[in-house]
Amino acid sequence: WFWDITSLKRLHLRGCELSGTFPDELGNLTLLETFDVQGNNIQGMIPATLKNMCNLRSLGLSFNNIGGGITEVIDRIPNCSRKNLQELALMDANITGTTLQFVTNLTSLYVLNVHGNQLSGSVPVEIGTLANLTYLNLGNNTLSGSVPAEIGTLTSLTHLYLGRNNLSGLISEDHFAGLMNLESLDLSSNNLDVIVDSHWMPPFNLESAWFSSCHLGPQFPKWLRWQKSTKILHISNTGLVGKIPYWFWTTFSDATYLDISLNHLSGNLPLNLEFMSVIKLLMQSNLLTGLIPKLSRTTEILDISRNSLNGFVPNFQAPQLRAAALFSNSITGTIPKTICRMQKLRVLDLSNNLLSKELPDCGIKELKQGNPSSNNSSKVRSLRYFSLRITSFLLSNNSFSSGFPLFLRQCPRLVFLDLTQNKFTGELPGWISEAMPGLVMLRLRSNKFSGHIPVEIMGLQDVRILDLSNNNFSGAIPKCLEKLKALTHTSTSNNMSFDNPFEEGYRSSMSMSSSLSNDSFLVVIKGQLLEYRENTLYLMSIDLSCNSLI
Ligand SMILES: *C1O[C@H](CO)[C@@H](O)[C@H](O)[C@H]1NC(C)=O
Ligand SMILES: *[C@@H]1O[C@H](CO)[C@@H](O)[C@H](O)[C@H]1NC(C)=O
Ligand SMILES: *[C@@H]1O[C@H](CO)[C@@H](O)[C@H](O)[C@H]1NC(C)=O
Ligand SMILES: *[C@@H]1O[C@H](CO)[C@@H](O)[C@H](O)[C@H]1NC(C)=O
Ligand SMILES: *[C@@H]1O[C@H](CO)[C@@H](O)[C@H](O)[C@H]1NC(C)=O
Ligand SMILES: *[C@@H]1O[C@H](CO)[C@@H](O)[C@H](O)[C@H]1NC(C)=O
Ligand SMILES: *[C@@H]1O[C@H](CO)[C@@H](O)[C@H](O)[C@H]1NC(C)=O
Ligand SMILES: *[C@@H]1O[C@H](CO)[C@@H](O)[C@H](O)[C@H]1NC(C)=O
Ligand SMILES: *[C@@H]1O[C@H](CO)[C@@H](O)[C@H](O)[C@H]1NC(C)=O
Ligand SMILES: *[C@@H]1O[C@H](CO)[C@@H](O)[C@H](O)[C@H]1NC(C)=O
Ligand SMILES: *[C@@H]1O[C@H](CO)[C@@H](O)[C@H](O)[C@H]1NC(C)=O
């Protein structure tokens, strides 16, 4: 019945779960100015009946399945309204095409969004004729060739997204010359060389800047110093060499997301980053040395893995910290008792370091301090109420020496536990399955554990990777191995919604691609060290070899 209301000027049907095809009757709405059906499940091309829709200003077709060519879409936008069209949104709409030349006829466009389609060809120089453009998103296509410098004439532009294409060549000051209103810039994941004079003062003050995989180096770009409003900065894998300049931390003290990973940055980090506002701080795979800094209280995700940091583990004072990847450094000392207060921590990876001694034993006092608001509770006073929420705890290849850590009694949500290659001794406690009922991975390989394998271990119903090899366990292998249910079923019967030990802490964090979840996962199977990157969820393995079992 919509289509009879021919007086309609604005039709907003965003996210209405519409499916099927566009009806020809749409063309009856000749007064329509705005047509927005983004985020439905409409299949097929817009109808050829729109000829008389001469007032169309805004066409929103994003997140549908148009399944056709871009030129066909443009051809069906009525001739009479092309000149006046201000907004064209075709994001993730399954559109193909080898040219963006059509822009020459859409001279009034403010917003052009064709992100996430299969558009190839180059960015036309004529893009410079769209003088009103404020938002241009050509990201996530397969555009190639160079970026025309004409883009630098679009003085109204606030958002420019060219990331994830196959663009190449040079980006210079010219490309930015007139972009004094630019707030958001994405050039990442192309093959672009950004080469500007070292004294260049950018005309803009970016809030978000994505440069990952552009060539910015080897020198740390000096012009970044003038970007004092930046909240999001990605300069991962940009060929940067040398020290992080001293102004970096103050210039970006208000940023929430900083990614300087995968470069050749060296030198010590500042001792104190408490003045920052960063939520996600990624610095992995550099050549950084020195101590792990005192973190800002806002930090939720920290990745400093694969550097050369030495000195002690930080006295974790970041109450919001959810995931910390500190693996493959040279960190010494032991895990401080402050970990007992870290109620938000999910993932802690300290593998491949020089940590020693024992883990703290969190008593009720320490745990309470991490959860002061639950002080008054009359109902739950048990330890469990105050327990930690760690799901992945990875300590392999250190020098921890003690009995099986009592710390683990306070980690009832543990899913991945890796104590491989340390100097742990003594017997496995009977409480192992009661304290950590959800364990999917239990790796105690290459330690000095001894005694019998406790029969309680059969209570680990979700365990899929059980590696007790290379210890000094003795006695009989417990009889009822078939009770390890997850190992006897072929399908994934548990409800684990994540795939590897690194992933969990990253879910529900800012929806940015995470580097941690990309990390490989090493598993020893039949004496071979195998590397897995995905689908570790389906991996099953039991290894009791190299003990004194009968
Ligand atoms: C204290 O306990 C009462 C009753 O259980 C509850 O209503 C209240 O929200 C609690 N206060 C705090 C700060 O947890
Ligand atoms: C509405 O559109 C349909 C299909 O394009 C057409 O057959 C019909 O005559 C139109 N109705 C009016 C009132 O214009
Ligand atoms: C995209 O459109 C083509 C052509 O209509 C179709 O064959 C293909 O299945 C569509 N792709 C998706 C992911 O729907
Ligand atoms: C524009 O309209 C004219 C007249 O209606 C028509 O001849 C021409 O083919 C149209 N152009 C396009 C590109 O549709
Ligand atoms: C621009 O429009 C004219 C006439 O409507 C048409 O002939 C021409 O092919 C269009 N140019 C592009 C690049 O689509
Ligand atoms: C990317 O562009 C280069 C030339 O710059 C070309 O050789 C290559 O085939 C393109 N790759 C894709 C996937 O389009
Ligand atoms: C153990 O960690 C050290 C760094 O502390 C590293 O050099 C070594 O390669 C690691 N060994 C294994 C087997 O990963
Ligand atoms: C919690 O209880 C302790 C003593 O048990 C007390 O010192 C502290 O002030 C209490 N905190 C809150 C927030 O009530
Ligand atoms: C292994 O355990 C046995 C007792 O079961 C003990 O006698 C022996 O010393 C242990 N070996 C090592 C290397 O710890
Ligand atoms: C798994 O999920 C199902 C339904 O979503 C639920 O009934 C069941 O209790 C869950 N099992 C576990 C072990 O959480
Ligand atoms: C993710 O892993 C793939 C496969 O090894 C690798 O090519 C890629 O560089 C990795 N990406 C990052 C950001 O580490």
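All ligand and atom numbering here is 1-based and tracks the order in the structure.
The closest side-chain heavy-atom distance from Phe35 to Val37 is below 4.5 Å. Counting only heavy atoms from C-beta outward, the side chains of Asn52 and Leu50 never approach each other to under 4.5 Å.
The nearest heavy-atom contact from the protein to atom 4 (C) of ligand 2 is Asp24 CB, 4.0 Å. Atom 13 (C) of ligand 7 has as its closest protein heavy atom Gln421 OE1, 4.0 Å. Scanning all protein heavy atoms for the shortest distance to atom 2 (O) of ligand 3 gives Asn94 ND2, 2.3 Å. Regarding atom 14 (O) of ligand 3, its nearest protein heavy-atom neighbour is Asn65 ND2, 2.8 Å. At the shortest separation from atom 5 (O) of ligand 7 among protein heavy atoms lies Asn352 O, 3.5 Å.
Of the options Asp467, Asn422, Thr420, a side chain to side chain donor-acceptor pair (under 3.5 Å) to Arg445 is made by Asp467 and by none of the others. Only one option out of Thr98, Thr99, Asn141 pairs with Ser120 in a side chain to side chain contact (heavy atoms under 4.5 Å, CB included); it is Thr98. Partner Phe407 forms a side chain to side chain contact (heavy atoms under 4.5 Å, CB included) with one of Asp361, Ile335, Ile390 and no other, that one being Ile390.
Ligand 7 has no atom lying under 4.0 Å from any heavy atom of Asn398.
The distance from ligand 3 to the heavy atoms of Gly67 drops below 4.0 Å at these ligand atoms: 2 (O), 4 (C), 5 (O).
Using modelled atom types and a 3.5 Å distance limit, the side chains of Asn268 and Thr289 yield a donor-acceptor pair. Looking at Asn41 and Ser19, their side chains never bring a donor and an acceptor atom within 3.5 Å of each other.
Put simply, atom 7 (O) of ligand 3 has no protein non-hydrogen atoms near it, under 4.0 Å away.
Residue contacts with ligand 2: Asn28 is placed with a nitrogen or oxygen under 3.5 Å of a nitrogen or oxygen of the ligand (distance criterion only).
The heavy atom nearest to atom 11 (N) of ligand 7, out of those in Leu355, Asn353, Asn397, is found in Asn397.
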